[in-house]
There are 2 protein chains.
Amino acid sequence: MDDEPEAVELVEFNLKQAGYAVTTAADGAEALKKARSQTPDLIILDVMLPEMDGFEICKTLRLEITTAKIPVIMLTAKAAEIDRVLGLELGADDYLTKPFSPRELLLRVKKILSRYQIEEKPKEQLRFGDLLIDLPRHIVSWKNKPIDMTATEFKLLTVLAQRSGRVQSRDQLLRDVWEYDSVIDTRTVDTHMRRLREKIGAASKHLDTVRGVGYRFVE
Amino acid sequence: MDDEPEAVELVEFNLKQAGYAVTTAADGAEALKKARSQTPDLIILDVMLPEMDGFEICKTLRLEITTAKIPVIMLTAKAAEIDRVLGLELGADDYLTKPFSPRELLLRVKKILSRYQIEEKPKEQLRFGDLLIDLPRHIVSWKNKPIDMTATEFKLLTVLAQRSGRVQSRDQLLRDVWEYDSVIDTRTVDTHMRRLREKIGAASKHLDTVRGVGYRFVE
DNA sequence: CAACCGTGTGACGATTCAGTGACAATTCCA
DNA sequence: TGGAATTGTCACTGAATCGTCACACGGTTG
């Protein structure tokens, strides 16, 4: 997320080389949008950006629940302390002054990620556009409006969403949602899918039927 | 804890100015001794030290229970990356390359301390609107009027409130409220929830039942 | 085109679940 | 020690939820 295309590419190339999945953004607005929708493990942010500067973005990221805890590394061309100060007080986790070596960047990234990985836990929230599934709160919401559903429906949706993109057979779902080696009819799954679709309304576009195979959650 | 007396003094002066209590050590052995006996909130360590170098000390600190969790900031004269790596791999929490400004040091110190403080303070009081739970006093009040309740009810309410928003299964509650791996019937939880709700009256709007899952405290 | 297969749908009885009142066992305290 | 407070269990009940069925629908296949 930088203003100089080549610099962005360089960073991207190096991070990808190192095995990280990288998404880039051309400006602040895009960066914020992607941060919200993808909730990355780490954000690298250039201070100098068109429109909204890096400080502004960092501040905004910190204010929103979904992005508040994502570590941020700030890139700055000015070595002046004041920039650093701001970066730190804004809650950035680290910073680099340009020019920096790719190796140095990788080290920072590695360090930050390892620090967070220690505390890392399985995802508590799954977000797909306007659909939010909050596991510990046991709440599903669509466009910030909570959707009431039964425990079974919640579990079914969760299992599908956690395996987003992969088709789950009815048998698979019976095992994972109903847990015991159920003596339950596989058609029961259909009924629950129907009820689930009814309840989540527009969000049911995420729930695909794969004829002859099973069901699939799509993003 | 440095090998150059003036530098130590400078750091000490600045930290004290900022209101921190500072202890210094002239060499590695002294540093270790003081770290063990005083268990400070933070250790600033120079890489270059007579006898035992900073890496050695850091490694030793990490090995001992009393000092393992104390955050360490490393100071190094060499900007070479390799040193940084070592510092990081040794588990230092941050580092500074010399020369550094006092202001920069203060920022790092502040940041590290705040990071740890956030994780460390269990709240003594929980307040949700008119409902106040005072942990050390063992008092619950609603609109400033104390509510009489039994120890079990208090614990139950506390556990739920401390995990506000997150659904707790009956089993979870049995583990956390009754503590031992209880042979108690999970339905017992229901009974206590009922009594709790009766006693706290209007405040029971905070106590949600999540059918098929458990109970949840909502704000 | 017609038979077929798999899925969506509406309805309904069966089951599960949490709230409730009662009661015995246990603990607490005077 | 004795009575009161607290605690754990149980059976009962209404309501929510669940599983199943029969049928409708729509695409696929021969």
Side-chain angles (χ1 to χ4, degrees), chain A residues 138-140 146-160 167-218, chain B residues 138-140 146-160 167-218:
Chain A
H138 225 265
I139 286 174
V140 176
I147 300 173
D148 204 49
M149 62 177 65
T150 71
T152 311
E153 285 154 9
F154 183 86
K155 191 89 186 284
L156 177 59
L157 177 60
T158 301
V159 166
L160 284 168
V167 182
Q168 304 296 307
S169 71
R170 290 175 173 72
D171 282 310
Q172 187 72 47
L173 290 171
L174 278 180
R175 267 197 298 282
D176 296 341
V177 177
W178 279 255
E179 287 183 349
Y180 44 90
D181 298 281
S182 46
V183 285
I184 294 177
D185 185 8
T186 56
R187 291 304 312 280
T188 297
V189 177
D190 296 42
T191 300
H192 280 275
M193 281 301 293
R194 177 183 83 231
R195 290 170 182 154
L196 182 54
R197 280 170 168 157
E198 274 173 15
K199 289 195 180 172
I200 67 178
S204 65
K205 70 180 179 195
H206 288 292
L207 300 176
D208 262 13
T209 301
V210 182
R211 197 185 164 83
V213 188
Y215 294 96
R216 171 177 55 194
F217 189 99
V218 291
Chain B
H138 227 262
I139 288 174
V140 176
I147 299 173
D148 200 49
M149 63 176 65
T150 71
T152 312
E153 285 153 9
F154 183 83
K155 191 87 186 286
L156 177 59
L157 177 61
T158 301
V159 166
L160 284 168
V167 178
Q168 305 295 308
S169 71
R170 289 176 174 73
D171 281 312
Q172 187 72 49
L173 289 171
L174 278 181
R175 267 196 299 282
D176 297 341
V177 176
W178 280 256
E179 287 183 348
Y180 44 91
D181 297 281
S182 45
V183 285
I184 293 177
D185 186 9
T186 57
R187 292 304 312 281
T188 298
V189 177
D190 296 44
T191 301
H192 281 274
M193 281 301 293
R194 171 178 32 130
R195 290 169 182 157
L196 181 55
R197 280 171 167 156
E198 276 172 12
K199 290 196 180 172
I200 67 177
S204 65
K205 70 179 179 194
H206 289 293
L207 299 177
D208 261 13
T209 301
V210 182
R211 188 175 226 271
V213 187
Y215 294 97
R216 171 177 55 197
F217 189 100
V218 291

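Chain identifiers are assigned alphabetically (A, B, ...) following the order of the sequence lines, protein sequences preceding nucleic acid strands; residue numbering begins at 1 within each chain.
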Heavy atoms under 4.0 Å, any strand shown: does B:Thr150 hit a base, just sugar-phosphate, or nothing? sugar-phosphate
Can a salt bridge be assigned to the pair A:Glu153 and A:Arg195 using a cut-off of 4.0 Å between side-chain N and carboxylate O? no
With respect to B:Leu156, which candidate in B:Asp176, B:Thr150, B:Leu196 satisfies the side chain to side chain contact (heavy atoms under 4.5 Å, CB included) definition? B:Leu196
With respect to the phosphate group of C:dG19, does any side-chain polar atom (N or O) of B:Arg197 fall under 4.0 Å of OP1 or OP2? yes
What is the distance, rounded to the nearest whole Å, between atom CG of B:Asp148 and atom C1' of D:dA4? 14 Å
Ignoring hydrogens and angles, answer whether the base of C:dG8 and the side-chain atoms of A:Arg187 contain a donor-acceptor pair closer than 3.5 Å. yes
Starting from C1' on C:dT7, measure out to CG on A:Leu196 and report it in whole angstrom. 16 Å
Distance, rounded to the nearest Å, where B:Glu153 contributes CD and D:dT7 contributes P: 6 Å
Over all strands shown, is A:Thr209 touching base, sugar-phosphate only, or nothing at heavy-atom distances under 4.0 angstrom? sugar-phosphate
Nearest-0.5 Å distance, CZ of residue A:Arg197 to OH of residue A:Tyr215: 5.5 Å
What is the separation between atom CD1 on B:Ile184 and atom P on C:dT27, rounded to the nearest whole Å? 12 Å
Taking for B:Ala151 and for A:His192 the nucleotide of DNA chain D with the nearest heavy atom, the one nearer the 5' end belongs to B:Ala151
Length of the line joining B:Asp190:CG and C:dT20:P, which is rounded to integer Å: 11 Å
Going by an N to O cut-off under 4.0 Å, is there a salt bridge joining A:Arg170 and A:Asp190? yes
Assess whether side-chain contact (heavy atoms from CB on, under 4.5 Å) is satisfied between B:Lys199 and B:Asp148, documenting all intermediate values. CA-CA 7 Å; B:Lys199 290 196 180 172; B:Asp148 200 49; 5.6 Å; no
What nucleotide, of C:dA18, C:dG8, D:dT20, holds the atom closest to the side chain of A:Tyr215? C:dG8
Interatomic distance, B:Leu173 CG vs C:dA18 P [rounded to whole Å]: 12 Å
For A:Leu207 and C:dG8, what is the distance between atoms CG and P respectively, to the nearest whole Å? 11 Å
Touch check for A:Arg195, heavy atoms < 4.0 angstrom, all strands: base, sugar-phosphate only, or nothing? base
Contact class for B:Thr152 vs. all strands (heavy atom < 4.0 Å): base, sugar-phosphate, or nothing? sugar-phosphate
Picking from D:dT20, C:dG21, C:dA18, which would you name as closest to the side chain of B:Thr191? C:dG21
Against the side chain of B:Arg211, the closest entry in D:dA15, C:dG6, D:dT7 is D:dA15
Answer with yes or no whether B:Arg194 presents, from its side chain, a donor or acceptor under 3.5 Å of a partner atom in the base of C:dG21. yes
Rounded to the nearest angstrom, tell me the gap between atom CG in A:Asp185 and atom P in C:dG8. 14 Å
With under 30° as parallel and over 60° as perpendicular, where do the rings of B:Trp178 and B:His192 fit, or are they tilted in between? perpendicular
Taking the side chain of B:Arg170 as heavy atoms from C-beta outward, which of D:dT20, C:dT7, C:dA18 is closest to it? C:dA18
B:Trp178 side chain near D:dG8 phosphate (N/O to OP1/OP2, under 4.0 Å): yes
As a test of reading the structure: which of C:dC17, C:dG10, C:dC23 is closest to the side chain of A:Glu198, going by heavy atoms? C:dG10
